[in-house]
2 protein chains.
Amino acid sequence: MTTAHELTKNQTLVFNTLSRAEGPLSAYTILDQLRGDGFRAPLQVYRALEKLLDYGMVHRLESINAFVACAHPHNHSHNHGMIAFAICEKCGQVSEFSDDIITQRVREWTTQNGFKQTKTTIEIRGVCAACGTA
Amino acid sequence: MTTAHELTKNQTLVFNTLSRAEGPLSAYTILDQLRGDGFRAPLQVYRALEKLLDYGMVHRLESINAFVACAHPHNHSHNHGMIAFAICEKCGQVSEFSDDIITQRVREWTTQNGFKQTKTTIEIRGVCAACGTA
DNA sequence: TTGACTAATGTAATAACATCACATATCGAG
DNA sequence: CTCGATATGTGATGTTATTACATTAGTCAA
């Protein structure tokens, strides 16, 4: 069962910062936004992020070294599909989606090759519809 | 037509270093291996890598901040499929593969959402067959 | 050849991202 | 209360990447 996690003070602060943000934030941007709340060192942010990532409440975007609050209020227990991110390089907006066929194809490859996957990153960089037409 | 690129001295050194390597290397590891050839600063490596990435001769692994020589002697002109990487966290070996269905599914999503993709990253982290059974 | 342009290179400094090491505090179980 | 586990505070350090500026090398036209 996926209980709603009790967040600690720092985890709550970091999560709220990410939730309020328009787009992804770097750890150091989060730090700066939380100076007023007593944050002084990167580690305070990274430690909170680590837990939030564990809980599936936050995603890390590897290609831009940044973090976003998870868009879906999932139920992580079921629905183990891989999540893909489309990141707009103009406005920074991130769209999150999950595709069963992609998930399945990846699993097929890993199964056939005896590869035990632990984490999969799918990130599409480009320009979103809004920025493309503007 | 994709002409074989004339590489400069530094590009050649960096490419050869990556080609000889068992697995992916960080820019700073490459730098260290090229000290004997007169390399002194990170920028010498990053500049060469930038070109090699342009030419499609090298890939960047976003999830581990490292670089590998491209496994396929492709023909980049055709075959615009997205490339996926399976990265073993035990031994560092990287397997490269391309899946038309995944490529197509991603394109469907981007088309439907008016997203103009420029680059796509697919990286599977885990443990390879050899390390899994060992 | 000269001059002017472009691409490549060299170098130092700095920025951006992330972790280590160690001390202190908080909280629940027994 | 006391022990152990988890969370936190803090400084230093490690790792990755870029900026800024000077220099060198190659190309091509007049």
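Heavy atoms only: backbone and side chains are in, while hydrogens, waters and symmetry mates are out. Note that the coordinates shown come from a computational prediction; the quantities given were computed from them, not determined experimentally. Below, chain A is the first sequence line, B the second, and so on; all start at residue 1.
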On DNA chain C, compare the nucleotides closest to B:Asn65 and B:Thr8; which residue's is nearer the 5' end?
B:Thr8

Without decimals, in angstroms, what is the distance between A:Glu50 CD and D:dT6 C1'?
12 Å

Tell me whether the centres of the aromatic rings in A:His59 and A:Phe85 are closer together than 6.0 Å.
yes

Would you mind reading off the distance between B:Leu49 atom CG and C:dT9 atom C1', rounded to a whole angstrom?
15 Å

B:Leu7 CG to C:dT9 P, straight-line distance once rounded to whole Å:
10 Å

Same cluster or not: B:Leu49 versus B:Leu34, using hydrophobic residues (I, L, V, M, F, W, Y) connected whenever any side-chain heavy atoms lie under 4.5 Å apart?
yes

Ignoring backbone atoms, test whether A:Lys51 places a side-chain nitrogen or oxygen under 4.0 Å from the OP1 or OP2 oxygen of D:dT6.
no

Looking at every heavy atom in both A:Lys90 and A:Cys131, which two are closest together, and how far apart are they?
CB-SG, 3.5 Å

Whole-Å gap separating P (C:dA8) and NZ (B:Lys9)
14 Å

d(CG, A:Asn10; P, C:dA25) in whole Å
16 Å

On a heavy-atom basis, the closest approach of B:Glu62 and B:Arg60 is OE1-NE, 3.3 Å

Anything under 30° is parallel, anything over 60° is perpendicular, the rest tilted; go ahead and classify B:Tyr46 against B:Phe67.
perpendicular

Figure out the CZ/C1' separation between A:Arg47 and C:dA18, and round it to whole Å.
13 Å

Listed in order of residue number, which residues of residues 16-46 of chain B have a non-hydrogen atom at under 4.0 Å from DNA chain D?
B:Ser26, B:Tyr28, B:Leu43, B:Tyr46

Just the rounded figure in Å: distance from P of C:dT26 to CD of A:Gln11.
16 Å

Regarding B:Thr111 and B:Glu108, do their side chains bring together a donor and an acceptor under 3.5 Å, going by distance alone?
no

Distance in angstrom units between A:Leu52 CG and D:dA7 P, rounded:
11 Å

